[in-house]
Trainee: 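Please read through the structure below; I'll follow up with questions.
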Amino acid sequence: MNKFEVIVIGGGHAGVEAADVASRMGVPTLLITHDLLKIGEMSCNPAIGGIGKSHLAKEVDALGGLMAKSADRAGIHYRVLNSTKGQAVRATRVQTDRDLYKQAIQDLLAQSKNLSIVEGSVTDISIKNSVIQSITTSEGEEYFASSIILTTGTFLGGVMHTGLTQSSGGRVGDPASIELAQKLRGLNLPVGRLKTGTPPRLHKDSIDWSSLIPQPGDKPTPLLSYTSAAKNRPQQMDCFMTRTNKGTHKVIHDYLHESPMYSGVIEGVGPRYCPSIEDKVMRFSERDSHQIFAEPEGLSSDLIYPNGISTSLPLEAQEKLVRSIKGFENAEIVRPGYAIEYDYFNPTCLKHTLELKDIKGLYFAGQINGTTGYEEAAAQGIVAGINAALSIKKQGTFELKRDEAYIGVLIDDLVSLGTKEPYRMFTSRAEYRLILREDNADMRLTQKGKDLGIVQDDLWEKYITKKELSSNELSRLKTNKIKPNSPEALKIELETGEKTTNNISLYEILKRPKVLYGHLPQINETVPSNVIDEIEASVKYEGYIKRQKADIEKLQRNENTRIPEHIDYANVVGLSNEVKQKLNEARPESIARASRLPGVTPAAISLLMIHIKKHKRAVGE
């Protein structure tokens with residue numbers, strides 16, 4: 001009999017993390033996917049990381065996951081975004097070779113014990129008395145398990161749109177899951193439709209590279225995974241930048257009536273933060289141009305991914321649009337862009353473990369929960385896999401709080417607030433972002449992973465070494481002091497403008513905004529850069545973190561504060577236009593209700609609380 005303990009349906013970013021972690025926990029696991037060769041496929045952009053997203057990737061890595069390691073094995077261009085800003089909002093983005101990334105995922109999965117992988121299309125799920133029983137494939141094979149994780153991506157009822165032409169599919173070249181979608185729609189779950197899209201792919205030899213602005217990667221080149229070695233990284237490549245123009249925008253206006261979004265053919269809601277070029281031109285009509293990044297899809301690939309012109313316009317319009325752009329005048333479209341519409345289930349039907357509230361043993365992870373992005377999917381996949389395995393072993397549950405991880409923020413937002421549009425992670429969604437930094441994901445989560453038995457020896461050894469180095473160096477900085485007017489003090493003043501008037505520890509000097517670790521006298525040359533990053537952040541943010549925790553505690557005490565009936569949200573300083581729009585539409589009666597509105601972040605609630613207090617003082621309440 002085909003009996004397993006955990007079955008994972010789907011070999012995308014959520015599925016591979018779920019299957020890998022469940023098998024590493026010693027649970028017999030089956031990964032079933034429609035095409036073995038496409039396990040780990042990057043369906044859209046060939047990159048991992050970015051604002052908010054790299055935090056998720058590093059947290060998955062800190063728990064022993066696959067994403068960051070695979071990105072480093074395939075990484076051909078690295079940049080640290082927001083590098084001139086504070087460490088809490090810095091983010092590593094890795095441009096990858098698509099084929100190398102997919103191969104890395106498959107190689108790592110091949111090392112997983114207790115994991116079987118089968119090619120097949122799931123058409124039915126058997127549930128008895130609200131308990132999961134088995135799945136059935138289109139070939140009639142039935143597989144039994146106590147825990148089943150659905151990671152179906154854009155395949156559930158997937159419909160692809162190019163202009164007014166439609167076709168069924170989960171992505172180009174792959175069939176949609178129609179029968180499974182119909183089965184799930186019969187489970188009385190809160191189902192809806194969402195939309196995402198992708199740009200046309202261009203042939204690299206048809207681009208005038210001399211007209212584009214080179215974007216070299218960062219040097220020294222960072223790594224995404226805590227366990228990667230620079231020597232294993234492939235050759236690096238440049239990306240390039242260009243822009244749309246008034247001519248591009250005219251093409252879009254001329255063909256807008258053939259856009260499936262604007263003609264009403266697509267009913268699903270698209271991603272607010274990664275809009276199509278049609279959306280950008282219509283929503284930001286005051287702008288004459290938008291950035292486009294020409295990104296290579298691999299070291300040996302002829303394809304270029306023009307990041308920034310996702311579109312579902314007809315091919316004729318796409319050709320005119322592309323060729324109106326500087327450097328793309330003679331560009332050849334190898335594959336047109338398209339939009340894809342698919343089923344999702346509002347995640348309010350889930351527990352924080354990602355198990356359905358009303359069906360024991362059934363878990364959802366990834367785009368089926370309304371998220372967008374590889375990193376969001378991987379984060380959900382590893383949590384669902386851990387909890388499915390824990391359920392089998394009867395060892396409780398694994399949940400991360402909002403102050404422990406971006407993964408905790410992601411899942412709490414989804415389960416508590418739900419979503420009506422594709423959800424993506426931003427640093428602004430995390431009220432504890434000074435604590436939840438890229439540099440310390442291992443310090444926050446690797447011990448938890450060790451306790452679960454999912455952290456490999458190399459990660460654990462690096463974690464212990466880093467922890468000891470950081471602790472010892474912080475102690476040294478607190479102990480060692482310099483005197484005013486000493487050579488060391490004068491050197492710091494010369495380099496940073498920071499004058500020293502009293503005997504002061506190196507720790508206190510490092511707190512100063514303009515002082516970096518490298519400015520200090522007697523620096524420890526053996527401390528690696530990743531440890532220095534963490535030390536600088538923990539020292540400089542120390543006071544802010546204490547204040548932030550106090551603010552959050554105060555916010556929790558005042559959660560039921562009433563909101564004035566006639567409040568004008570336009571006057572609330574610091575609120576984004578998106579949040580103002582949501583508050584104006586909902587007109588919540590209290591802070592508690594406002595905090596549960598999708599997209600209204602804890603940071604926005606803090607600003608609203610300040611405004612209400614000022615209002616009460618002004619009217620004498």
Side-chain angles (χ1 to χ4, degrees), residues 48-51 53-62 67-69 71-73 75-95 216-234 236 406 427 433-446 458-478 480 491-492 495-496 506-507 509-542 545:
I48 300 293
I51 304 299
K53 292 172 172 286
S54 64
H55 293 69
L56 292 171
K58 280 183 171 286
E59 288 176 355
V60 169
D61 189 61
M67 174 168 275
K69 288 192 282 285
D72 283 334
R73 291 188 185 190
I76 57 176
H77 182 272
Y78 288 72
R79 294 195 77 192
V80 176
L81 310 180
N82 286 340
S83 59
T84 60
K85 298 182 179 179
Q87 277 135 310
V89 294
R90 290 178 195 168
T92 306
R93 185 178 188 272
V94 187
Q95 187 75 22
D218 285 353
K219 292 188 187 302
T221 308
L223 289 164
L224 192 61
S225 171
Y226 290 106
T227 58
S228 293
K231 64 180 181 180
N232 297 326
R233 189 167 36 209
Q236 298 298 288
Y406 270 78
T427 52
R433 59 185 172 274
L434 296 182
I435 303 170
L436 311 180
R437 305 182 306 274
E438 251 199 7
D439 62 83
N440 69 353
D442 52 346
M443 296 296 105
R444 293 184 276 113
L445 298 181
T446 298
D458 58 343
L459 175 57
W460 182 248
E461 288 169 8
K462 286 180 181 293
Y463 163 76
I464 291 298
T465 300
K466 181 181 175 184
K467 189 175 180 181
E468 289 177 352
L469 280 170
S470 179
S471 176
N472 291 340
E473 184 60 7
L474 283 170
S475 296
R476 189 185 74 84
L477 294 177
K478 289 177 180 178
N480 287 18
K491 178 177 180 289
I492 291 173
E495 293 179 350
T496 69
L506 299 179
Y507 185 92
I509 291 175
L510 188 56
K511 280 187 176 181
R512 296 176 177 181
K514 296 179 182 178
V515 178
L516 300 176
Y517 181 85
H519 293 135
L520 299 176
Q522 312 153 24
I523 63 171
N524 188 340
E525 300 285 355
T526 64
V527 179
S529 60
N530 65 325
V531 178
I532 291 172
D533 287 343
E534 194 207 342
I535 287 171
E536 283 188 348
S538 62
V539 172
K540 290 185 181 298
Y541 286 145
E542 183 183 41
I545 289 170

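Quick note: residue numbers are just sequence positions, from 1.
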Trainee: Can you see which heavy atom on Ala88 is nearest to which on Leu434, and at what distance?
Mentor: CB-CD2, 3.8 Å
Trainee: Please name all residues satisfying salt bridge (Lys or Arg N to Asp or Glu O under 4.0 Å) with Glu536, sequence neighbours left out, ordered by chain then number.
Mentor: none
Trainee: Nearest 0.5 Å, what's the CD1-CG distance between Ile435 and Asn440?
Mentor: 9.0 Å
Trainee: Among residues at least two apart in sequence or on other chains, which ones pass side chain to side chain contact (heavy atoms under 4.5 Å, CB included) with Lys514?
Mentor: Thr496, Glu498
Trainee: Can you name the residues that form a side chain to side chain donor-acceptor pair (under 3.5 Å) with Asp442, not counting sequence neighbours?
Mentor: Lys466
Trainee: Considering residues at least two apart in sequence or located in another chain, which fulfil the side chain to side chain contact (heavy atoms under 4.5 Å, CB included) criterion with Arg73?
Mentor: Ala104, Asp107, Leu108
Trainee: Identify the two heavy atoms, one from Lys540 and one from Pro513, that lie closest to each other, and give their separation to 0.1 Å.
Mentor: NZ-O, 4.0 Å
Trainee: Give every residue pair that meets the side chain to side chain donor-acceptor pair (under 3.5 Å) criterion with at least one member in residues 79-90, sequence neighbours excluded.
Mentor: Arg79-Gln215
Trainee: In Å and rounded to the nearest 0.5 Å, what is the CG to CZ distance from Leu436 to Arg444?
Mentor: 5.0 Å
Trainee: Can you list everything that forms a side chain to side chain contact (heavy atoms under 4.5 Å, CB included) with Pro234? Sequence neighbours excluded, please.
Mentor: Ile76, Leu100, Leu299
Trainee: So, using salt bridge (Lys or Arg N to Asp or Glu O under 4.0 Å) as the criterion, who are the partners of Arg233 when residues are at least two apart?
Mentor: none
Trainee: Do you know which two heavy atoms are closest between Ala537 and Arg437, and how far apart they sit?
Mentor: CB-NE, 3.1 Å
Trainee: Is there a donor-acceptor pair under 3.5 Å between the side chain of Ser475 and the backbone N or O of Ser471?
Mentor: yes
Trainee: For Tyr517 and Leu510, work out which heavy atoms get closest and say how close.
Mentor: N-CD1, 3.6 Å
Trainee: Might you work through the side chain to side chain contact (heavy atoms under 4.5 Å, CB included) test for Ile464 and Glu468, ending with a clear yes or no?
Mentor: CA-CA 6 Å; Ile464 291 298; Glu468 289 177 352; 3.7 Å; yes
Trainee: How many angstroms lie between CD1 in Ile51 and OG1 in Thr92, if you round to the nearest 0.5 Å?
Mentor: 9.5 Å
Trainee: Minimum heavy-atom separation for Tyr226 and Lys58, please, with both atom names.
Mentor: CE1-O, 3.7 Å
Trainee: I'd like to check the salt bridge (Lys or Arg N to Asp or Glu O under 4.0 Å) partners of Glu495; sequence neighbours left out, ordered by chain and number.
Mentor: Lys491
Trainee: With side chains defined as the heavy atoms from C-beta onward, is the minimum distance between Ile492 and Pro521 less than 4.5 Å?
Mentor: yes
Trainee: If I take atom CG from residue Asp439 and atom CD from residue Glu534, how far apart are they, to the nearest 0.5 angstrom?
Mentor: 6.0 Å
Trainee: Roughly how far, to the nearest 0.5 Å, is the CG atom of Leu520 from the CG atom of Leu506?
Mentor: 5.5 Å
Trainee: For the side chain of Ser538 and the backbone of Ile535, is there at least one donor-acceptor N/O pair under 3.5 Å apart?
Mentor: yes
Trainee: Please enumerate all residues that pass salt bridge (Lys or Arg N to Asp or Glu O under 4.0 Å) together with Lys511, with sequence neighbours excluded.
Mentor: Glu508, Glu542
Trainee: In a table with atom names and distances, give each donor-acceptor pair under 3.5 Å that connects a side chain of residues 526-533 to protein atoms at least two apart or in another chain.
Mentor:
{"from": "Thr526", "atom 1": "OG1", "to": "Asn524", "atom 2": "OD1", "distance (Å)": "2.6"}

Trainee: Between the main-chain N or O of Ala68 and the side-chain N or O of Asp61, is there a donor-acceptor pair closer than 3.5 Å?
Mentor: no
Trainee: List the residues meeting ring-ring contact (aromatic ring centres under 6.0 Å, His included) with Tyr463, not counting sequence neighbours, and say none if there are none.
Mentor: Trp460
Trainee: What's the spacing between Met67 CE and Leu56 CG if we round to 0.5 Å?
Mentor: 9.0 Å
Trainee: Which residues pass the side chain to side chain contact (heavy atoms under 4.5 Å, CB included) test with Ser228, sequence neighbours left out?
Mentor: Asp72, Leu223, Ser225
Trainee: Can you confirm whether the side chains of Thr221 and Gln236 place a donor and an acceptor under 3.5 Å from each other?
Mentor: no
